[in-house]
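Down below is the structure, laid out as structure tokens.
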Amino acid sequence: MIEAVGLTKRYGDKLAVDNLSFQVRPGAVTGFLGPNGSGKSTTMRMILGLDNPTAGTVTICGRPYRELPNAPRQVGALLDAKAVHGGRSARNHLLCLAQLSGIPARRVDEVLGVVGLHDVAKKRSRGFSLGMGQRLGIAAALLGDPQVLLFDEPVNGLDPEGILWVRNLMKSLAAEGRTVFVSSHLMSEMALTADHLIVIGRGRLLADMSVKDFIAANSAGFARVRTPDTEPQQREKLTSVLTEAGAHVLPEQDGALRVTGLPLPRISDLAHEAGVRLWELSPHQASLEEAYMRMTQEAVDYRSTADQKAGLMQPLPPGAEPPLPVPGQGQPGWYVPPPPQRDERASAPDTAQSSGTSGRPAAPAEQPSAPVAASAADPADSAPSEDAR
Amino acid sequence: MIELEGLTKRYGDKLAVDNLTFTVRPGTVTGFLGPNGAGKSTTMRMILGLDHPTAGSVRIDGRRYQELKDPLTYIGALLDAKAVHGGRSAYNHLLCLAQSNGIPARRVDEVLDIVGLTPVARKKAKNFSLGMSQRLGIAAALLGDPRILMFDEPVNGLDPEGIQWIRSLMKSLAAQGRTVFVSSHLMSEMALTADHLVVIGQGRLLADMSMADFIAQNSQCRVRIRTPERERMLDVLHTAGITAVEKDGGLLEVEGSRAERIGELAAEHRIVLHELSSQQSSLEEAFMQLTAGSVEYHAHTGQAQQTGGTGPAVVPAQPVAADTKKES
Amino acid sequence: MTTQIIRSEWTKIRSVASTVWTLSLALVVTVALGMLVSALTRHGFENMREQDRLSFDPTYISFAGMGLGQLAMIVFGVLVVTNEYSTGMIRTSLAAVPQRGVFLASKVAVATALALVVGMVTSFLAFFLGQALLGSLGTSLGEEGVLRAVIGGGLYMALIAMFSMGIAAMLRSPMLSLGILMPFFFLISGILGAVPATKKFGQFLPDQAGSRIMQVVIPAGDDTPYGPWGGLGIMALWVIAALAGGYLLLRKRDA
Amino acid sequence: MSTPQTPLPQQAAPPSWESGYTSPIPVVRAHLGHAIVSEWTKIRSVRSTVWTLGIYMLIVLGMGALIAWAIVRVPSEFHGSENPLAFGFFGLLVGSVCIITLGVLTVASEYGTGMIRTTMTACPSRIRVLAAKAVVFFLVAFTTTLFSAGLVALVHTALLDGTGARQPTGEEWLRGTLGISLYLAMLGLLSLAVGAILRHSAGAITLMIGVVLAPLVLAAFMQVESLEKLRDALFDYSIPSQMAVFYANTGATLRDSGPSGWDSLWIILGMTAAAFAVACVLLQKRDV
């Protein structure tokens with residue numbers, strides 16, 4: 001059980017964590033979400049007594065971390081997988097941690113087996129990949145067989161096999177009655193692992209609820225309907241029928257329809273009545289990612305913008321011809337850097353009326369924040385498993 | 001275009017990369033997959049001329065990396081986000097890279113803006129989170145506006161907003177006709193981003209095909225049907241020679257047939273459907289299937305660890321590691 | 001091509017704090033110690049022994065801080081090179097500049113130029129301030145050999161930095177490089193040069209040979225087999241050897 | 001099974017399901033002993049520390065052997081009433097660089113690698129970590145020095161025996177082995193504390209080497225009589241001269257000024273204690 005009360009941390013005049021109060025309960029996997037810079041790591045560090053809070057307290061089983069009689073036996077943490085002396089072997093790294101809290105050396109070999117590092121136990125951790133480092137970090141967290149576990153981005157660098165393993169590991173740790181607190185940016189993973197969510201943004205608590213409630217509160221499900229590709233008139237017919245019945249219908253890229261506002265059997269009945277044959281009729285729960293994006297929109301710190309590429313344009317002396325593109329770089333279908341142009345921004349008054357395009361090349365600008373991705377969520381990803389429950 | 005031919009790298013007597021031949025083509029996002037220790041990073045380092053191949057060669061647009069003049073304008077790479085001098089500011093880090101390849105300094109401000117790091121451009125990289133470092137690394141890759149881009153685990157440490165951004169960035173880069181080569185362990189991400197896949201295991205090429213082909217080849221397609229007229233549906237399916245399996249909750253599952261066909265059958269017999277969805281295996285399942293034999297660091301599955309006097313339930317070991325999962 | 005790499009290296013060098021720290025420390029320590037010793041010497045010159053007065057070298061006295069100041073120069077040279085390795089930046093750098101020889105040459109050239117400028121400023125400052133404090137005992141640039149010694153002081157500092165860079169390029173680790181260079185210059189070289197049995201060998205070590213150029217008055221009974229420029233030449237040979245070793249290893253190794 | 005980790009009354013009250021999982025492995029209260037064992041593992045499991053120690057012994061023994069060889073070749077030069085153990089001094093002087101490096105690395109390398117966060121998480125009592133590091137380092141440095149210096153001293157006295165040199169007195173033995181070993185171990189502890197204060201390996205080593213050498217370099221250039229006092233003070237209290245005090249002839253104080261007898265040990269003890277006090281305060285106050 002982790003309990004934070006009014007937790008606050010100030011760095012200079014930046015408030016990293018602002019009056020945060022929450023509880024992490026045993027027996028469930030609690031996800032800890034938030035955009036970069038929202039104060040997740042700082043909170044974790046304060047839980048572990050690495051940083052001193054400016055105000056407020058955080059306790060584990062009723063005590064501040066630094067007052068626990070034998071902290072690693074009660075709390076296991078994976079903070080930064082690379083926080084290891086590279087010259088020390090995996091086994092010795094764990095051994096010195098075990099000795100620090102009086103854990104027998106046998107236990108070291110056990111956890112090495114658990115994380116699958118027994119073959120490289122005697123190798124120096126400098127040569128480890130990020131995934132192996134992560135496994136070593138998980139081993140260190142499990143070392144004391146603690147009742148509270150904290151993981152910061154546990155699947156970072158793991159391969160798919162490892163990701164699957166961590167997913168199941170966390171679930172079973174929680175099933176044993178332990179408190180499992182996991183921070184992650186991977187919504188698809190979180191949807192599969194966590195039962196409960198704590199979401200923060202700009203250091204403040206945004207949500208503290210179960211995953212199901214969270215998705216339900218922050219998004220709407222929809223139905224995906226597909227009619228025979230060969231007969232577009234069927235699709236139009238269905239669209240008008242459904243719209244009449246009060247549904248909201250959006251066409252999707254692959255020709256399917258995205259229907260909100262009507263239950264599946266009703267859609268089926270309407271299609272039947274209208275004589276429309278269905279090729280697909282599948283329920284879609286909005287993904288955790290969509291729900292999360294909706295909630296944290298305002299709390300994002302580092303936003304990306306489009307690529308202007310003006311910086312690549314060499315300012316040429318006035319009157320000079322822009323050089324021709326290098327021959328051989330213009331193969332069809334390949335990307336060709338836009339030819340250098342005169343920098344029009346240098347003479348501002350002349351370009352006042354065409355300021356919208358000044359300094360911008362002809363090449364298509366990237367649209368990084370386009371919401372393509374969210375709607376194209378993999379059907380096999382999280383939706384079916386949600387549905388199956 | 002990146003062309004690998006017979007690329008081999010040997011460390012001592014361990015063959016990290018073994019006679020790898022494939023081509024990464026422009027205009028698509030090519031995913032580069034493989035379990036840990038499969039040789040992905042080594043391959044990427046050899047593409048960039050950082051490691052010398054034991055045998056074989058890599059060509060970037062037909063040339064060896066060492067022969068490229070101003071290589072950043074040909075190929076931009078994100079290898080290790082934390083490979084930055086901590087005491088240097090983000091701006092200066094990019095500036096020294098830009099200068100080494102004759103890229104004007106204004107471009108630095110631009111790429112900083114693209115990745116959204118402008119507010120912290122003058123801050124020391126030491127204090128950056130992994131996500132911010134990752135953005136800095138992506139900025140470095142975009143610096144020379146190159147025709148080839150290579151990303152190693154680009155979403156590592158990015159927050160969901162950043163993940164969505166990099167996803168669409170890679171797609172739009174490919175749509176402009178660039179070559180985009182991405183390695184990642186996150187199958188759900190790959191499924192959303194990549195069009196083509198190159199899969200290696202233990203240094204050898206396992207697959208080089210399109211995403212759709214890959215999933216089709218390494219998995220089975222299932223169709224889920226929910227209908228109030230279950231018995232009739234079963235009959236119809238049976239006469240059509242399709243075997244359906246009854247699942248709990250009135251659900252029918254069909255393997256080896258397409259949803260379109262079943263939809264037509266239902267319409268023909270005027271059967272009302274409450275659900276008709278095809279359950280494609282995820283890329284993750286397909287990948288697990290393919291690479292089962294070449295995983296190097298298997299998590300321990302047994303309960304054999306109760307050796308010491310440390311008592312029972314020492315360890316929450318998982319009987320549900322890869323092997324059991326993919327058979328289901 | 002090369003100019004843009006040099007500009008890039010210049011950005012790298014000026015944008016880290018360790019450059020400013022080490023170089024300003026080198027300047028301050030050398031000049032301050034030289035001034036202190038010069039002031040103290042003037043104060044008590046009358047009490048000196050006759051023999052010491054005869055071999056009194058006002059130029060060399062003002063360079064008293066060089067022994068400690070070069071410590072900072074060594075750290076500078078080592079950090080310039082090993083920073084790339086300890087941070088992993090080397091991979092980014094070599095991906096941007098695959099021509100490793102050009103890369104190393106540009107890095108060494110920029111760092112040496114900077115070290116030379118700082119070394120010259122340090123040397124001249126130490127000389128002028130030292131002479132000012134020595135007052136009537138002091139000498140001037142016009143005297144025979146003095147200008148050579150002062151310019152030599154600057155060259156010496158630059159060469160020390162270059163030598164450190166060569167060693168660091170071979171060893172790649174800052175701790176290892178400093179761990180070898182510091183005891184070498186401060187203890188081993190000193191002991192080998194002082195013990196009669198090893199003196200013949202010791203005087204050919206880089207710092208001993210190189211620092212010869214800063215002496216104007218040769219002490220009586222000195223039997224060093226090389227002159228001021230000869231000594232600097234010997235030091236330059238060491239530097240070339242170190243850099244060549246660094247280059248060969250860089251070319252051969254995987255980054 | 002009742003919860004073994006029930007140190008708090010309010011924790012004992014709720015039934016076990018509320019506190020969730022309970023480990024079957026009995027929980028012991030962690031103490032300094034555990035930390036010391038752990039630190040010992042840390043020191044012996046990293047190659048760089050083992051190497052530094054190895055080089056240290058190599059230097060001390062090697063220079064001792066070099067001098068022994070000189071004794072055998074030209075025994076006549078080593079007559080007189082000088083302390084026959086004094087030849088061990090040179091090796092230890094050079095070796096002190098290794099001890100400083102090792103001391104700094106014991107703490108600062110944890111900061112360099114980020115290992116410190118893991119350590120502090122595993123043992124939230126920061127003072128305990130520092131104390132354990134100090135104890136382990138002190139014992140390692142002390143025993144290695146004692147062994148090497150003792151061996152060199154034995155060889156030298158054996159070789160000098162019969163060349164006319166006198167036998168060292170009991171106190172000279174004591175100071176030339178035990179005393180100097182304590183001194184060097186304390187010097188290493190000082191470096192360790194400086195490493196904990198600066199948290200930067202290269203910086204701390206440079207500073208410590210500067211501390212060792214600066215007074216000597218300064219003193220070397222003060223050739224004037226009026227400054228003799230200052231020069232002598234600088235010279236006498238420089239770390240190498242303080243080390244040399246342990247090899248001075250008993251009774252016959254050559255100089256009236258400067259430390260003598262066991263003074264050096266008290267001086268370095270004071271410096272180290274002060275440095276540790278600062279390190280402890282900073283460690284408690286700073287975020288890791």
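Residue A/R91 does not touch chain D at all, counting heavy-atom pairs closer than 4.5 Å. Interface remark: A/A140 contributes no atoms to any contact with chain D (heavy atom separation under 4.5 Å). For A/K122, no part sits under 4.5 Å from any heavy atom of chain D, backbone or side chain. Of the two parts of D/S125, neither the backbone nor the side chain holds a non-hydrogen atom closer than 4.5 Å to a non-hydrogen atom of chain A. For chain D, no part of A/R25 is nearby; none of its heavy atoms comes within less than 4.5 Å.
If you tally non-hydrogen atom pairs under 4.5 Å between each of D/A35, D/G33, D/A122 and chain A, the highest count goes to D/A122. Contact count against chain A (heavy-atom pairs under 4.5 Å) is highest for D/K42 among D/E39, D/R128, D/K42, D/R286. Of all the listed residues (A/G76, A/C96, A/P72), the one sharing the greatest number of non-hydrogen pairs under 4.5 Å with chain D is A/C96. Among A/N52, A/V75, A/L97, A/V148, the residue making the largest number of heavy-atom pairs under 4.5 Å with chain D is A/N52. Here A/L50 is the residue among A/L50, A/L48, A/D80 with the most heavy-atom pairs under 4.5 Å with chain D.
Counting heavy atoms of neighbouring residues, nucleotides and ligands inside a 6.0 Å radius, atom NE2 of D/H31 exceeds 12 of them.
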(request) Show the numbers, then the answer: is there a side chain to side chain contact (heavy atoms under 4.5 Å, CB included) between D/M271 and D/M186? (result) CA-CA 9 Å; D/M271 285 167 74; D/M186 289 309 285; over 6 Å; no
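Residues D/M120 and D/E110 are not in side-chain contact: their nearest non-hydrogen atoms beyond the backbone lie 4.5 Å or more apart. For the pair A/L136/A/L94, a side-chain contact is recorded, criterion being any heavy-atom separation below 4.5 Å from C-beta on. In this structure the side chain of A/D195 never reaches within 4.5 angstrom of the side chain of A/V211, judged on heavy atoms. Contact of the A/Y65 side chain with the A/V58 side chain is not registered, since no non-hydrogen atoms from C-beta on lie closer than 4.5 Å.
One finds the CD1 atom of D/I99 at 9.0 Å from the CG atom of D/L92 (value rounded to the nearest 0.5 Å).
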